[in-house]
Structure formats: structure tokens, C-alpha cells
Amino acid sequence: MNGFWEQFTFYALAVLVLGSALMVVTLRNIVHCAFFLIMAFLGVAGLFVLLYAEFIAGVQVLIYVGAITVLILFAIMLTQKVLGVRLKQNNTLSPLGVVAGVSFFALVGAITFGSAGNLFGVHGEPTIAPRITTIAESLLGNGSYVLPFEIASLLLLVAMVGAIVIAREKDQ
Amino acid sequence: MTLTRIAQFIVGLLHLPQSAVDWLVALFVAVILLVFVLLSVLAIVYFLRKLLGKIQARLGPTRTGWKGWAQTAADALKLCIKEDIIPTRADRWIFTIAPIMVFVPAYMVYVVIPFGEGKHFVAKDLNIGILYIIAISSVNVIGIILAGWASDNKYSLLGGMRSAAQLISYEVPQALAILGPVMLAGSLSTQEIVLAQSGGIRHWFVFQSLPIVGFVIFLVASMAEVNHVPFDLPEGESELVSGFNVEYSGMKFAFFFLAEFAASFTVCALATTLFFGGWTSPFGSFLNYGWWTVGWFFLKSCALMFVLMWIRATYPRVRVDQLMEFGWKLLIPLALVNVAIIGLFVVLTTRRVP
């Protein structure tokens, strides 16, 4: 019974994510695209919950839905001219894009099935992080990812300062 | 637990499989929370109108029922039966979905609010409780932006844009202020944060390390997050007629209204949980069990709700530039300093086993 509902939820979420993603690249109204982007992100968060990765699901909603999409929407509305235009989502390079997409998908599929279920076929008890400190320990504890973490924050800071420098008006 | 017993009774009566019990209990909890949200909003609006009346030296509602207590119920009924208008040039789908996207997060947040002691008074004690609240409540801004855009009205669009800028800006200090109690408790679970403050008024996080500052930052940022009065720019009546919801009527408007008041109660409940010891008694072990804890929780939350109403009655609206300067130049640096001091406090006071 439990397995059935898990599968049912997985396929429902998969349909949500893939359907929304398809809508994002086909619809001609950019705000509708943004709305379906939100749906796709929420579906991915649902998949994380299904994998018992609640922390990542929360962060997914917070960052992708609550911040990035809001920023996208905000940018769309600041560029007033786009609102009236019917977007054209394809151009002469579309066939090449399809070829690239299909071959990438085939590659991922080949890797997945070639590894005989070792890559994604996780067996045994789900590893639930019981406390948030467990995640913190494994991310920032002794001899783990402290340096990459700090470098990433530095990179983001530099990007932010750079953006401000580019965007600000010239001093008189 | 009585709910489980009721669910088992129904399952037995209808010959459903045993696994349906959990589903029924979840459904009951969802319905109870929904009813709680609706009733609490009715009560909050009534007391708000009475209190605004008192502060402004007038009476407030008096006609419907004794001292006008049925006024908000009558208003709610009126909103339900009002005509539901969708402007011709509006984007029908987005216009309809937007109020739902605003209300659903405001309602979902109630899942992790600890109303009392133990497992019976919290719908689900998630181990990411606080993160869940921040994440879910950040979704509702999308509903507001979409509502503003879909109405195809320049005032609505301006309201939506203001709202987006405001919510992005004040999410940062709010999250940083919430980080303080999380660091002190060492957990994101709402129940564990409450338990870390048990033992009376001295242990409340509002008085720990740097006293009061974290709470004030949280309160100010949260008021901006829920468009509470000094920060109600997205719907400023005198500038934008009514902002993002100007084209809405009937039940769709009611959803915005509900979400706003449900969110302002959430702010109070969250402040109680994070800073004022949640459902624990302020006097050590005095009346610190069972239903009394629910009483303490509501006493503290309602006191905070009163403070919010008081602010609503007394402060004028800030300007857009003041809002941004205050948020980015004062609140965020202050919140960062607060986090640094609390971090130092935690490292110095707790002796951790390596």
C-alpha cells in the first residue's frame, strides 16, 4: 500500500515537473512561462520530500520559488515593453536544439541503465537526517567542505559587488 | 488521541482498509486548522475594529449583535455572496490562481506552529519547522505579483511591484533574526525551540545574549513581510487606491483578506515560539502542563497581536525610499551584527564535545 502511494506520488510529481517545464519553453506569454516555472520548482521540491530530503526541499522552495522566480517576475515587470509582446520561443536553430536535447537525454539514460541500478537504485533504509546539526556537521564539520563553501560565498560576494559596479551611474 | 479513535470508528463503519486511518486523521487536522484560521481571522478583525475605534475615540461596530460582535461574520457572509467580477482585459487564469497562491501558503504555515505541549497540539513537528515556515511564506509574494499583473491595471501593477521589492528586501533581515533563536536552540524544529526556552521568563530567547534586539528586528521585518501598516505600501489606499487587489471582489478578495490576517497571526505565533518561550509557562513549572500550555500560547500571541494592532492605529505609512533605506542600510547590518554576537555567545557558553 505504502509503496503504491509512493509510486503514485512520484509519477504525479513527474508529470507536474515535466508538463510545467514543457509549458515554460512553449508558451508565448512570458508571465505564464514564469508561473509554470514556479510549478516545476515546486514539483522538484516535492520529489525531494519523497526522497526524505526535507531540508533540501525547504531550501529549494525558499531559494528557487521564493527568491529566484520573484526576481525573474520583478525583472519582467520592470521591462514594460515585453508585457505586450507575444514571445516567439523558437528560431531557425530549433532542429539543432532538439538533436542536442535528445542526445543528452539518451546519454543520461544510457549511463543510468548501464550502471545496472547502482547509480539511482538506492536500496535499504532511507537516511533521514534526524537533526539539522547532522547536515551542518557533514557540510562544515572537520575536514569536509569548509573551503569550497567559503570560496563559493566569496565568489558570490564578488559577483554582487561587480553587479553593483556595473549598474551604478557614473559619478559626476 | 481522540482524533485517531474517531477515524478508527469511521473506518470500521465504512469497512475501509486500516491504512485509511492515517489519511482520515490528516484530513481532520487539515479541517481543524482551516476552521481555526477562518474563526481566528473573524475574531481578529472584530477586535481590530473595536480597538481602532477605541484608539481613535469612536465606537467601532455596534449594530450587529451585542456590541457588534457579529459584524465580521456578516461581512464575511456578504463577501461570499457578492458578485465575482473578472475584468475583461484581465488574464483570466492568472487572475483566478493568484488569490489561491496567496492564501494557501498562509494556511500551510499553521502545520508546524506549536499550540501546546507535546504531539497533540502541533499538526506535524517537522525537523525543518522554521525553514518550512520561511520557505512556504516566501511563496505568497508570487501570488501578490501575479495578482497585480493579471488585473491589467496600473495601480495593481505598481502595488505588485512594490510588494516584490519590499518582500525581497525584508526577507533577509527576517531570516537573519530567526537565525538567532535557531542558533541558541540548536534546532529548526519549533517544538525543540520552545523546549529550549522552558523554565520560566529568564530563559526566553528575547532576553538571551543580546536582549530584545533580535525580537525587534524580527517584528519589524515580519510586519513588512505581511504588509502590516507602517509598511502597507503595496496596498496604500491614498496612493494606489488599494494596490494589487483593487480589481478583486467577492470570494477572491476574501482570500487576500484572509491571508493577510492569517499571516499577521502567524507572525505573533512565530514571535511567541521563537522569543517568548512558546507554550511554556512564564513562572517555571506553574501550570506548565496539558491544556494550560495552550492557554499560555494564546495569551502571549494575543498580547503580541494587540501590539501589532496598536502599531496599526498609531503609525503613518513610510515612503518607498524610506522603506528601502531602512531595510538595507539599518536593519540588515543590525541583523548581521546580532547574528555575530549570538554566535559568539553560543560558542562561549556551550561546551561542546568534539
Side-chain angles (χ1 to χ4, degrees), chain A residues 1-6 23 27 29-39 41-42 45 48-49 52-80 82-84 128-137 141-142 160 164, chain B residues 17-20 22-23 91 93-94 97-98 101 104-105 108 112 124 126-146 148-150 152 154 156-158 160-169 171-172 175 182-183 185-189 192 225 352 354:
Chain A
M1 194 67 188
N2 209 16
F4 167 74
W5 281 111
E6 231 163 61
M23 290 294 192
L27 285 180
N29 186 322
I30 195 165
V31 177
H32 291 179
C33 293
F35 174 75
F36 279 105
L37 192 64
I38 297 161
M39 287 295 129
F41 285 151
L42 285 177
F48 281 132
V49 171
Y52 296 94
E54 288 137 346
F55 181 78
I56 302 181
V59 173
Q60 161 88 9
V61 174
L62 179 65
I63 293 176
Y64 282 91
V65 181
I68 290 183
T69 331
V70 172
L71 212 60
I72 291 175
L73 278 169
F74 194 55
I76 290 172
M77 287 178 191
L78 277 178
T79 49
Q80 264 286 347
V82 184
L83 288 181
I128 310 167
R131 292 175 57 83
I132 224 66
T133 41
T134 320
I135 297 171
E137 288 286 342
N142 258 340
M160 205 157 77
I164 292 170
Chain B
Q18 200 56 40
S19 60
D22 293 344
W23 293 78
D91 189 307
W93 280 99
I94 301 282
I97 289 168
M101 282 195 75
V104 170
M108 275 173 78
V112 291
K124 184 96 176 92
L126 295 175
N127 61 1
I128 54 155
I130 294 295
L131 180 68
Y132 170 87
I133 292 181
I134 305 176
I136 293 290
S137 47
S138 72
V139 174
N140 85 338
V141 60
I142 292 171
I144 292 180
I145 303 175
L146 289 179
W149 175 80
D152 198 17
K154 60 186 174 204
S156 302
L157 189 62
L158 274 174
M161 302 256 306
R162 278 185 177 186
S163 165
Q166 177 175 331
L167 269 77
I168 287 179
S169 310
E171 223 167 39
V172 183
V182 170
M183 281 158 78
S187 170
L188 283 172
S189 150
E192 279 180 38
E225 284 279 294
R352 290 179 61 200

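Chain letters run A, B, ... following the sequence lines, proteins first and then strands; every chain starts at 1. All values reported here derive from a predicted model rather than from experimental measurement. Side chains included, hydrogens not; waters and symmetry mates left out as well; all remaining heavy atoms used.
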Colleague: Given a strict heavy-atom distance threshold of 4.5 Å, which part of Ile134(B) is in contact with chain A: side chain, backbone, both, or neither?
Modeller: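 Both the backbone and the side chain of Ile134(B) come within 4.5 Å of chain A.
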Colleague: Report the residues that fulfil ring pair (Phe, Tyr, Trp, His ring centres under 6.0 Å) with Phe36(A), sequence neighbours left out, ordered by chain and then residue number.
Modeller: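 Partners of Phe36(A) by the ring pair (Phe, Tyr, Trp, His ring centres under 6.0 Å) criterion come out as none, since no residue qualifies.
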Colleague: Do the rings of Trp149(B) and His32(A) sit parallel, tilted or perpendicular, given the 30° and 60° boundaries?
Modeller: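 Perpendicular, since the angle between the ring planes exceeds 60°.
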Colleague: Of all residues at least two apart in sequence or in a different chain, which pass the side chain to side chain donor-acceptor pair (under 3.5 Å) check with Ser137(B)?
Modeller: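 Ser137(B) satisfies side chain to side chain donor-acceptor pair (under 3.5 Å) with no other residue.
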Colleague: Name the region of Ala175(B), side chain, backbone, both or neither, that has any atom closer than 4.5 Å to a heavy atom of chain A.
Modeller: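 Neither part.
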Colleague: With rounding to the nearest 0.5 angstrom, report the CE to CG distance, Met101(B) to Leu146(B).
Modeller: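 Answer for the CE-CG pair, Met101(B) versus Leu146(B), is 6.5 Å.
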Colleague: Please look at Ile145(B) and chain A and tell me whether the side chain, the backbone, both or neither of the residue comes under 4.5 angstrom of a heavy atom of that chain.
Modeller: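 Both backbone and side chain.
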Colleague: Do Ile68(A) and Ile63(A) have side-chain heavy atoms sitting under 4.5 Å apart?
Modeller: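 Of all side-chain heavy-atom pairs linking Ile63(A) with Ile68(A), at least one is under 4.5 Å.
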Colleague: Is Ile38(A) close to chain B through its backbone or its side chain, or both, or neither, when contacts mean heavy atoms under 4.5 Å?
Modeller: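 Only the side chain of Ile38(A) comes within 4.5 Å of chain B.
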Colleague: Shorter than 4.5 Å, heavy atoms on both sides: which option in Ser189(B), Ala135(B), Ala150(B) has the most such pairs with chain A?
Modeller: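 Maximum pair count with chain A is reached by Ala135(B).
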